[in-house]
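Letters A, B, ... are given to chains in the order of the sequence lines, protein chains preceding strands, and every chain is numbered from 1.
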Amino acid sequence: MALDEKTWDELREIAARYPEKRSGLLPMLHLVQSVEGRVTPEGIEACAEVLEITPAEVNGVATFYTMYKRKPVGDYHVGVCTNTLCAVMGGDEIFSRLKDHLDVGNDETTDDGKVTLEHVECNAACDYAPVMMVNWEFMDNMTPDSAVQVVDDLRAGKEVSSTRGPRLCTWREAERVLAGFPDGRVDEGPGAGPASLVGLGLARERGWTAPGGGASAAADGAPASTDDTTDAAGAVEADSPSDEAAAEKKEAK
Amino acid sequence: MPDVLTPVLTDNWDAAESWKLSDYESRGGYEALKKALGMQPDDLITAVKDSGLRGRGGAGFPTGMKWSFIPQDNPKPKYLVVNADESEPGTCKDIPLMMASPHTLVEGVAISSFAIRANHAFIYIRGEVLHVIRRVQAAVAEAYAAGHLGKNIHGSGYDLDVVVHSGAGAYICGEETALLEGLEGRRGQPRLRPPFPAVAGLYASPTVINNVESIASVPSIVGHGADWFASMGTEKSKGFGIFSLSGHVRTPGQYEAPLGITLRELIDLAGGMREGHELKFWTPGGSSTPLLTSEHLDVPLDFEGVSGVGSMLGTRALQLFDETTCVVRAVLRWTEFYKHESCGKCTPCREGTWWLVQTLAALEKGQGSEADLDLLLDQCDNILGRSFCALGDGATSPISSSIKYFRDEYVAHLTQGGCPFDPAKSTAWARQEVSA
Amino acid sequence: MSTTDKTPEKVDTVSVTIDGIQVDVPKDTLVIRAAEQIGVQIPRFCDHPLLKPAGACRQCLVDVPDAGNGRGFPKPQASCTLPVAEGMVVNTQATSEVADKAQQGVMEFLLINHPLDCPVCDKGGECPLQNQAMSNGRGESRFVSSGTGGTKRTFPKPINLSPQVLLDRERCIVCQRCTRFAAEVPGDPFIALVERGAQQQIGIAENAPFLSYFAGNTIQICPVGALTSESYRFRSRPFDLVSTPSVAEHDACGASIRVDHRRGRVMRRLSGDDPAVNEEWITDKDRFAFTYATADDRLRYPQVRDAETGDLRPASWPEAFAVAARGLAAARDAGGVGVLPGGRLTAEDAYAYGKLARVALGTNDVDFRARPLSVEEADFLAAHVVGTGVDGSGGVTYADLETAQTVVLAGLEPEDEAGTIFLRLRKASLQHGTRVLALAPFTSRGLRKVGATLVPTAPGQEAASLAALVEQAAHGVDKNAIVLLGERLATSPGALSAAADLAARTGARLAWVPRRAGDRGALDAGCLPGLLPGGRPVSDPAARVDAATTWGVDSLPDAPGRDADAIVAAAAAGDLAGLVVGGVDPDDTADPAAFRAALDAASFVVSLELRATDVTAVADVVLPVAPAVEKAGMYVTWDGRVRAFPEVLAVPGSLPDLRVLAGIAEELGAPLGFRSVDEVRAELGEMGPWDGDAPVMTPVAAPADAGAGDGLVLASWKQMLDDGAMQVGDKHLAATARPAVAKVAPAVAAAFGSTVTVTGDRGSLTVPLEVADDMVDGVVWLPGRSTGSGLLADVASPGSRVTISGGDD
């Protein structure tokens, strides 16, 4: 299937958002998925042509990131978090129930093409565990029963809303938003879910606040120590992890 | 002493339309930007340095110092990149922040970019959070329309373009150089350092990469002053931070408090562990930070306090597990995660996680021998500090810390020929089933 | 003019202590290489000195107790990415338990998923993984005994990355040497890392194989047996092979190669390591194109034409020599003999042809140029090229290319015609910012990869473009510029004159880059009508006396000789009675039909050939000669570098051209004075270069009407992999050749479908159409020898006018 002219234009438009066009590749592949239902060889060639890189280079990127799919995805991508915390809180059971209920294995799609089931890694909603994602919208505090209800409703064509977000769109529509083309659903759903607000609620209840603006309790102004290399080996998310952080600091001195 | 909880970043999350510019501005939003645009960029860097703000993405590197590393005599463009790839298991603070109050981040981006003299900023958001991406996309669009971004911002002569970039599923992109690779349209594999991003980052140009919460803290520092920020927290870990409680606690959720609060206090605020159960083990800052136990309830949750007990503050992702949880199962699952997310670039992480999973999986089934525990520790020794980046290191944390505290439980799997725990008992609905 | 105006750079050194031994090394040296200086080999896989550091395999971990600032690194460091620092202390596996354990740990990890199928692996016996596992690994893996017994990752067995290169993913340790090579060195990232984590592997995109002219290098630098070639896999074991260093015979670049053979049969060829020439890289043609020497049609014995039947029949060497001598003597007396040695000879063989012509046949009718040529070119070669070299005589070198400010390419497509130059130019462009200006009709992919700026030039317009460079200050052609002139400029009147003028006016240095390995050596050996060996002008009596003295003859012919075109014309006209033809393919010559007509018209033709050809088919005497692999010799490269190589295979009865010619000369009663390569070399040494005046070139003006005419101008060059006679026999290599297409400007393409027919004065050709975005108006490009009998035979001469029409679709 050849991509239409509009898609080619949009691919070029994405590339043009960046100082160097190759930066557009990730959103461009999202756009390919929104049009093709997966990353197709044609989509890879189109990205390569727009970015003036080789198809192999695009393929290397398309196979690195787990959101890019080589098999067609159903209308609804259902991701059950089975990372440790969600798994322990019941994610394993939910995933198992859905596999049975939908009669599919991991990363497989129901015969009606509606639902693709996959177990996913931590989706940054641990305070709502166990969590399920439908087309990358939050379905918080799931149970096996509520999860089954969601997929049944989806397959029946009923409108389903995220527990902390908008009405669910299709997977392809979601991919288009990820490509940077908004769909007008931004104002649906709440600003925050209940778990996000528990601390704030407690503070409101007890009258706790941050100190009044520009308080006088000034510290002596000593800057934070720069000698914190011991803890640097850790989290990957670290701003500046590992030994290099130490070297960076040395360098600066 | 500040109050127990100090909502700053979370303070507007309960507003009716907290994500909208109108709501944000009605609470004084973007005033800090206007103030900042009247300051010298170097004075902003000094203010952030003086505040004592340390990176909220895990490593705790002083943010102002990071900014000061940008060589202003370098003729290349400077870039600010926001690391919004929140993926560390247990970490769930940036996502609700961006969903509820994206303008806090956008304002922080504008001020921070001005400070480092960047005219282009990027917000790299993990792709798996669609609604968060919508909110940030819309906030950036609103900010452009209101003149908070774009050309000649508020008549200052300062120009800034902000691009919201969706990731596509790769934990490793939380590592800053891997994130830059993803942002450049490449496989998210970490880069050699040096050169450090401050010298040669995005497009080989000077680049600051900061976590969402770090950048979101900047407007309040500019608005209230460095001293105000430094009045919270502990001596070397200043200010407030969002503490994310999850797991077997009665009220999981986000608690914004000065650094140095203890887990005991937080569990109290959360109404205690779930009824009838006790804390068994917890992660202070995500799965890459070594596990702690109930003996560490009174450790101050600041950078020094947590490292003092052999772990790391990390992202303040407090995952709490009670006595119904099998630590071997938990650790195996995390290890499977690291195997799944290993980028493949270096041998110890790529092959080591492959092997760790096999050894652990056997142990969980009660197979293998006690010698395998020492083998596991030796594998960890051969990965930790031998890998290209910190992902490999992180993979070893749950294993070595769990064997340290729960060796007997591993052995019990072997002696019983399987897992002695009933996974049903640790689910969120376990109580209902028991009472049913 | 001196070779360079460079002053020797002062190198800053730092002092480091490795395993207790202090060593001074240049600043920025990587620890892994500093350790080599003291004889410590740190095990490594991803590290390669010609690739950017990756730090991926982690095999080279060392302990650094002092980084040079009094503080140590808390964890082992990868020595392949760590630059030395003054005062740094490094302990390798030789002295540090930490380093040793770290290395053993990494090795153990590498092996858990490795199939350990060494007994059936091509790499077994020369495998860095195997060797270093023995030297730096533990005796037994704990993997198999851990847990429930380790399960290895498996993949289906080899997949084709290209028709030639196969990948065994189970053996791969994803060190990225191959992908880094492809991206960095030739700029062909058609292979990439795909998937991630433990599933990470090398891959291609669907329908986009690894078609790089340099792909074979990845096989050689693969530190395991993951990459193999269809041509060599399962053919032999490294320890059964005998290796002989040699020089590649496919172009004028003189790449160093290693020929691996077993029991008299070449099994494979590898790149040699010669930093001054090809570094560690060769083209796939140099690597895989060697089976031509063992093709079925290889000539194994002399043949003479039977007077009765008119057919060729086998003959003994003495008979063949006698018949050849008799026929040539008769032809000499009946009008003369022309000598066409061809461009594939060693310098020694070429020398023998030149001497045969002068001393035995009494003629200057000798010309090595077996392709379109011109008088202007011969003048240019005599005035500006012959005798220049790398030994202080002012010649341009590879190293000069790498550091030049500007390199101008005219009539030369380096990627296709001189692969080693291409790689060096790309390195120059990427690492030194060298600016490449290309006088060409469009920006080819090869030009793009060397960062070339196009100076749009239609065939025939080169003289004007070169002249314009003098005026255009923006192009910065000055004494720091190098101008590389391809042999194709012979077909562009005035171009070589304009180049000489450009050099004279700007101080830019010139170098001539022929396509064939033997051209430059033949020039220096005197295989032009106007030149005797060493650049001695035939027209200079003193030069003739000088050569005659060395040759021990009274005098040398002084009549001006004919060039190859004139020889062909004279033979066809009956003015020349005899021809001695070396390795010349008629279809490579300016007018293939005329060449064949000359062969038919000549009363006596002697052919010295490797394999049966159109020339041997009509020759009166066919004398088989040895391929390069079966003789010693030397090539002179484009930069005047003498590249001697030994005989690789000793094959009885396989004689070099010089020996055959000596045999004929002896029968003619005019012995050449040598029978062996060594004797020729001695004589060449005795002869030496001409120290008299070089001839002055008579400039040729570009025709005023250049560019006028109907239809399109035909542009062409030969692609590296094509239907050339020395590429037969390896179908896998052939399958990696670029297909024949016609390239035209977008506006022209718009008028046609997916194929076009190009019609010239010699015929038509229908091929797929491809758009070249910046093609000069009015030009169509076709490959020279990728279809039928080639363009010259089937369509028209490059530079002439053709018409195009829609293809069959």
Which bit of [X] is near chain B, if near means a heavy-atom gap under 4.5 Å: side chain, backbone, both or neither?
X	result
Ala87(A)	both
Arg164(A)	both
Ser162(A)	neither
Met89(A)	both
Pro19(A)	both
Pro166(A)	both
Arg185(A)	both
Cys81(A)	neither
Asn135(A)	backbone
Phe138(A)	side chain

ask   = Cation over ring, Arg187(B) on Phe64(A), under 6.0 Å and within 45°?
value =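 No, cation not above the ring by the 6.0 Å, 45° rule.
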ask   = Non-hydrogen atoms of chain A under 4.5 Å away: do they reach the side chain of Val8(B), the backbone, both or neither?
value = side chain
task = Please state whether the side chain, the backbone, both or neither of Val163(B) comes within less than 4.5 Å of a heavy atom of chain A.
result =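 Side chain only.
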message = Can you classify the ring geometry of Tyr79(B) versus His120(B) as parallel (below 30°), tilted (30 to 60°) or perpendicular (above 60°)?
response =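 Tyr79(B) and His120(B): tilted rings.
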May I ask you to decide whether [X] forms a salt bridge with [Y], counting only side-chain N to carboxylate O separations under 4.0 Å?
X	Y	result
Lys69(A)	Glu118(A)	yes
Arg193(B)	Glu176(B)	yes
Glu52(A)	Arg22(A)	no
Asp92(A)	Arg333(B)	yes

If you count heavy-atom pairs under 4.5 Å between each of [options] and chain A, which one has the most?
options	value
Pro2(B), Gly127(B), Gly344(B), Ala16(B)	Gly127(B)
Ala168(B), Cys92(B), Gly169(B)	Ala168(B)
Pro252(B), Pro96(B), Gly90(B)	Pro252(B)
Ser287(B), Pro423(B), Gly253(B)	Gly253(B)

ask   = So which heavy atom on Tyr76(A) is nearest to which on Cys169(A), and how close?
value = CE2-O, 3.5 Å
query = So, for Tyr68(A) and Ala62(A), which heavy atoms are closest and what is the spacing to 0.1 Å?
reply = CB-O, 3.3 Å
